[in-house]
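Below, read A as the first sequence line, B as the second, and so on, with proteins coming before strands; counting in each chain starts at 1.
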Amino acid sequence: MGVLRRTHNCNELNETALGQEVTLMGWVLRRRDHGGVIFIDLRDRWGITQVVFNPEVNPDVHTKAHQLRSEWVLAIKGKVEKRPGEMENPKLKTGTIEILVDELRILNTSETPPFPIDEECDVSDSLRLQYRYLDLRRPEVANNLVMRHQALQAVRSYLNASQFLEIETPMLTRSTPEGARDYLVPSRVNAGKFYALPQSPQLFKQILMMSGMDRYYQIVKCFRDEDLRADRQPEFTQIDMELSFMGEDDIIHLVEGMISALFKETIDLTLSAPFARMTYDEAMRRFGTDRPDTRFGLELIDLSDVLKGCGFKVFNTVLESGGVVKAINAKGCAGFSRKDLDDLTEYAGRFGARGMAWIKIKEEEWQSPITKFFSEQEIAAMQQALDAQPGDLILFGADKSSTVHQVLAELRLELARRLNLIEEGTYDFLWITDFPMFEYDEDAKRYTAVHHPFTAPYEDQLDLLETAPEQVKSRAYDLVLNGNEIGGGSIRIHNPEVQEKVFKALGIDQEEAEEKFGFLLQALKFGAPPHGGIAFGVDRLIMILTGSSSIRDVIAFPKTQKATCPLTEAPASVARKQLTELHLRPDWKEK
RNA sequence: GGGGUCGUAGUUCAGUUUGGUUAGAACGCCGGCCUGUCACGCCGGAGGUCGCGAGUUCGAGUCUCGUCGGCCCCGCCA
């Protein structure tokens, strides 16, 4: 008995190897013990091979095989045999052959797993994450990690071929204002001072451009201490890139090549570039959102002009106070029941709607509690604007425009789901451009950056920075895929005066700018090249690519919704001494 | 910070609406039989703090309150 060396994985043997002596290693997926002959499905990362223990071939090995159980780790040596006629298993890639074992090594035993490895079973997330190593043995999850690897390799090889340098940036950096809540790390060496984990390498990549690196990328973890969602967790991965001497069109073109390579290498899909583009204003007007899912219609129709001065008080009040009335024509949905409409109204309420007016277009009449308030001209004008035909259902939103947009955008998605309008397996890319630079924060009573404070405004609008900042458009661009924002970037400011103007518009005075971003302002003064970049959310992208319903299915060790890790039980308490060393004096009671 | 939903055997669930004898099923697990299975089959068996804590009640898996945890959503996420 010498050392056994693996000769093949569990997914590669077929009839071309008949008669060969091979050694396989892997886990017991299933055993079928007939008392006489014993079958074991041996599993590894690549697949499954059936191995056979026959008492007539080797009685000792056969006896030993009786004790095998789920998830034991084996090395087996034997001969590749063609399966007897009618015994082939078309579900396995190796289904035409089996290994007749004449040597068995038990490399390790296993406790009975807490959940089945061999079938797709709806185990709770906390149990899956507690035993993540077992969960990852299941092919559905494992294959997601394989595709993630392939996607990142495609990106690396594309960017490497395009003269990019992969450069690392610090994880321990400084907290900056604006943006999400930071994860803070106390400094032991500097009492009372804190590092922050990066929300993105934004400033470092810009400084790399000022360093003449010209083209940078990094596949990098970013951290934002905000609440979780199915497509969001506090620690996530970005494909981060930045380029010098390039405008929007150059960057967009290059990125389309990168995304195309990614889709080709992962799901072997050839995308048609260039992707469609739409301005922010058009997206908001037609879809109510800056990340429209353009795989289906149901666009928003503005009825504000048509209904100005109408007899329906709710609409009229909204219009007189500067709000809007918009509607969706749900084609062919006039048959919706009272309950359907109640459900939709309740759904709309989650996004701030105070109600939802509707009209069922019937052959003989417009059936609705509100039809009576409209004049014949108003009805005719609505009919034309909405292209309303008998059998249609009109759903209204009336409020300030931001509320109407959010409500109708969500309603539109919900309708598409209910009506099954979304064709699976389609990938609809869309660039959104010309974002506003700023939006007004009602709580803080000041403007905040829509993208970030380093995004360049259009040069011909520089004057507006001081007079009408809400009108300034930025040179930012987002890439939207099937209604998900998968990437966003911009051309950056490379002129210190412009940067100072933008800070000023954001209410960041010179002193604060100097303190928080002095290093950037300084660097801008030493020959900063024009530059711009973009970052992609890897987790979301792979989620779409694999058809996963949660980001957790494409991350090896994800967090729960409460931002914990059931495997390691992070976050955890630390010794009082560690805190003292960090100059922290917490006032909470120790348990 | 708020809303919703779920928590019963190792796992997935039924039972909760209408409180009432010993809390069931499937898979898994353990033992026995079985030489061509591939979700092998057949026979037998073990396995439960009904998340936790209070309360109502003669009596709580079931009702009430609180609490913990999983998931989904709103806010938040430049």
Side-chain angles (χ1 to χ4, degrees), chain A residues 29-42 48-57 59 62 66 69-71 81 83-92 94-95 98 100 111-131 134 176-182 199-200 202-203 222-234 236 346-353 406-407 410 414 435-439 441 443-444 447-455 474 476 485 488 490 502 506 508 535 537 549-550 552 559-562 564 566:
Chain A
L29 176 64
R30 262 187 294 261
R31 76 193 156 103
R32 292 177 292 281
D33 186 339
H34 289 239
V37 69
I38 298 171
F39 300 97
I40 296 287
D41 288 339
L42 196 67
I48 297 166
T49 299
Q50 173 166 284
V51 302
V52 187
F53 299 88
N54 190 320
E56 287 166 11
V57 172
H62 174 263
H66 275 302
R69 291 294 181 273
S70 287
E71 298 308 306
E81 305 252 297
R83 294 197 188 187
E86 309 286 311
M87 299 301 165
E88 296 188 353
N89 185 347
K91 285 188 258 177
L92 297 184
T94 61
E98 61 193 9
L100 195 52
E111 289 184 16
T112 302
F115 52 80
I117 309 295
D118 60 336
E119 57 192 82
E120 204 166 338
C121 177
D122 230 353
V123 183
S124 84
D125 276 43
S126 72
L127 197 67
R128 287 177 58 193
L129 294 186
Q130 186 187 343
Y131 297 95
L134 300 180
T176 51
E178 310 280 313
R181 197 174 290 116
D182 283 319
Q199 294 183 25
S200 83
Q202 183 59 36
L203 293 173
C222 303
F223 306 87
R224 293 174 192 178
D225 188 4
E226 300 292 349
D227 288 342
L228 292 85
R229 288 286 188 280
D231 63 350
R232 212 167 79 192
Q233 68 155 37
F236 60 100
E346 192 264 349
Y347 190 77
R350 305 215 310 235
F351 304 96
Q406 190 183 356
V407 167
E410 295 293 345
E414 177 64 15
F435 281 78
M437 279 287 282
F438 310 103
E439 61 192 345
D441 183 333
D443 296 330
Y447 286 99
T448 58
V450 168
H451 193 53
H452 58 55
F454 318 106
T455 300
S474 73
E485 185 204 324
S490 63
V502 168
L506 287 167
I508 300 173
S549 53
S550 164
R552 291 183 297 277
K559 299 280 189 284
T560 67
Q561 226 215 356
K562 286 228 165 64
T564 67

Just the table, please: protein N/O against nucleotides 68-70 of chain B N/O, every pair under 3.5 Å.
unit_1: B:G70; atom_1: OP1; unit_2: A:T560; atom_2: OG1; d: 3.1

Give every pair of a protein N or O atom and an N or O atom of nucleotides 43-47 of chain B that lie under 3.5 Å apart, one pair per line with the distance.
none

Hey, what are the protein-to-nucleotides 8-10 of chain B N/O distances that come in under 3.5 Å?
unit_1: B:G10; atom_1: O2'; unit_2: A:P114; atom_2: O; d: 2.8

Might you list the N or O atoms of the protein lying below 3.5 Å from N or O atoms in nucleotides 36-41 of chain B, with each pair's distance?
unit_1: B:G36; atom_1: N1; unit_2: A:E98; atom_2: OE2; d: 2.8
unit_1: B:G36; atom_1: N2; unit_2: A:E98; atom_2: OE1; d: 2.5
unit_1: B:G36; atom_1: N2; unit_2: A:E98; atom_2: OE2; d: 3.0
unit_1: B:U37; atom_1: O4'; unit_2: A:H34; atom_2: NE2; d: 3.3
unit_1: B:U37; atom_1: O2; unit_2: A:R32; atom_2: NE; d: 2.6
unit_1: B:U37; atom_1: O2; unit_2: A:R32; atom_2: NH2; d: 3.3
unit_1: B:U37; atom_1: O2; unit_2: A:Q50; atom_2: OE1; d: 3.4
unit_1: B:U37; atom_1: N3; unit_2: A:Q50; atom_2: OE1; d: 2.9
unit_1: B:U37; atom_1: N3; unit_2: A:Q50; atom_2: NE2; d: 3.0
unit_1: B:U37; atom_1: O4; unit_2: A:Q50; atom_2: NE2; d: 2.8
unit_1: B:C38; atom_1: O4'; unit_2: A:R32; atom_2: NE; d: 3.0
unit_1: B:C38; atom_1: O2; unit_2: A:Q50; atom_2: OE1; d: 3.3
unit_1: B:C38; atom_1: O2; unit_2: A:N89; atom_2: ND2; d: 3.1
unit_1: B:C38; atom_1: N3; unit_2: A:R83; atom_2: NH1; d: 2.6
unit_1: B:C38; atom_1: N4; unit_2: A:R83; atom_2: NH1; d: 3.3
unit_1: B:C38; atom_1: N4; unit_2: A:M87; atom_2: O; d: 2.1
unit_1: B:A39; atom_1: OP2; unit_2: A:K91; atom_2: NZ; d: 2.8
unit_1: B:C40; atom_1: OP2; unit_2: A:R30; atom_2: NE; d: 3.2
unit_1: B:C40; atom_1: OP2; unit_2: A:R32; atom_2: NH1; d: 3.0
unit_1: B:C40; atom_1: N4; unit_2: A:D33; atom_2: O; d: 2.6

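Among the protein residues, A:T455 comes within range of no part of the nucleic acid, since none of its heavy atoms lies under 4.0 Å from any strand. Counting non-hydrogen atoms under 4.0 angstrom, A:P55 reaches a base of the nucleic acid.
One C1' atom belongs to B:G47, the other to B:C27, and the distance between them is 14 Å to the nearest Å. Nucleotides B:G66 and B:A25 have their P atoms positioned 36 Å apart, rounded to a whole Å. Nucleotides B:U22 and B:C63 have their C1' atoms positioned 24 Å apart, rounded to a whole Å. For the C1' atom pair drawn from B:U56 and B:A9, the interatomic distance equals 29 Å after rounding to whole Å. Remark: the separation of the P atoms in B:G61 and B:G1 is 33 Å, to the nearest Å. For the P atoms, the distance from B:C34 to B:G15 is 42 Å, rounded to whole Å. A distance of about 15 Å separates the P atoms of B:U62 and B:C6, rounded to the whole Å. Rounded to whole Å, the separation between the C1' atoms of B:C33 and B:C40 comes to 14 Å.
The base of B:C73 does not come close enough to the side chain of A:R350 for any donor and acceptor atom to sit less than 3.5 Å apart. At a cut-off of 3.5 angstrom, the base of B:C76 holds no donor-acceptor pair with the side chain of A:R224.
Residues forming a ring pair (Phe, Tyr, Trp, His ring centres under 6.0 Å) with A:Y447 (at least two apart in sequence, or on another chain): A:Y440. With sequence neighbours excluded, the residues that form a salt bridge (Lys or Arg N to Asp or Glu O under 4.0 Å) with A:R181 are A:E226. A:F435 meets the ring pair (Phe, Tyr, Trp, His ring centres under 6.0 Å) test with A:Y280; sequence neighbours excluded. Residues satisfying the ring pair (Phe, Tyr, Trp, His ring centres under 6.0 Å) test with A:Y347, not counting sequence neighbours, are A:F351. Contacts of A:R83 classified as salt bridge (Lys or Arg N to Asp or Glu O under 4.0 Å), with partners at least two apart in sequence or in another chain: none. Shown here are the salt bridge (Lys or Arg N to Asp or Glu O under 4.0 Å) partners of A:R30, two or more places apart in sequence or in another chain: A:D41, A:D118. Scanning for ring pair (Phe, Tyr, Trp, His ring centres under 6.0 Å) contacts around A:F454 gives A:H452, A:F517, with sequence neighbours left out. Applying the salt bridge (Lys or Arg N to Asp or Glu O under 4.0 Å) test to A:D125 and every residue at least two apart in sequence or in another chain returns A:R552.
Taking atom CD of A:E111 as the reference point, atom C1' of B:G28 lies 15 Å away to the nearest angstrom. Rounded to whole Å, atom C1' of B:C71 lies 15 Å from atom CD of A:Q233. Put simply, CD on A:E346 is 14 Å from P on B:G3, counting in whole angstrom units. Summarising the geometry, the separation between OH on A:Y347 and P on B:C73 is reported as 9 Å, rounded to the nearest angstrom. As a whole-Å value, the separation of A:L228 CG from B:G75 C1' is 14 Å. Computed from coordinates, the A:L134 CG to B:U11 C1' distance equals 13 Å when rounded to whole Å. Separating the NE2 atom of A:H66 from the P atom of B:G31 is a distance of 12 Å, rounded to the nearest angstrom. In this structure, A:F351 places its CZ atom 7 Å from C1' of B:C73, rounding to the nearest Å.
With hydrogens and angles ignored, the 3.5 Å screen pairs no side-chain donor or acceptor of A:T49 with any backbone N or O of A:T94.
With contacts defined as side-chain heavy-atom distances shorter than 4.5 Å, the pair A:L129/A:T560 qualifies. Side-chain contact between A:F53 and A:I40 is present, with heavy atoms from C-beta onward closer than 4.5 Å. Between A:H66 and A:D33, some side-chain heavy-atom pair lies under the 4.5 Å cut-off. At a threshold of 4.5 Å between non-hydrogen side-chain atoms, the residues A:F115 and A:L134 count as touching. Contact of the A:M437 side chain with the A:V502 side chain is registered, since non-hydrogen atoms from C-beta on lie closer than 4.5 Å. Counting heavy atoms from C-beta on, the side chains of A:D182 and A:D225 never come closer than 4.5 Å.
Pairing partner, B:U12: B:A25, with both Watson-Crick or wobble hydrogen-bond distances short of 3.5 Å. Remark: B:C30 base-pairs with B:G44; criterion is Watson-Crick or G-U wobble with both hydrogen-bond distances under 3.5 Å. Pairing for B:C63 is with B:G55, a Watson-Crick or G-U wobble pair whose two hydrogen-bonding atom distances lie under 3.5 Å.
Phosphate contact (OP1/OP2 of B:G75, side-chain N/O of A:Q406, threshold under 4.0 Å): present.
If you check the side chains of A:Q233 and A:R224, you find no donor sitting under 3.5 Å from an acceptor.
The residue among A:T448 and A:R229 whose nearest nucleotide of RNA chain B is located toward the 5' end is A:R229.
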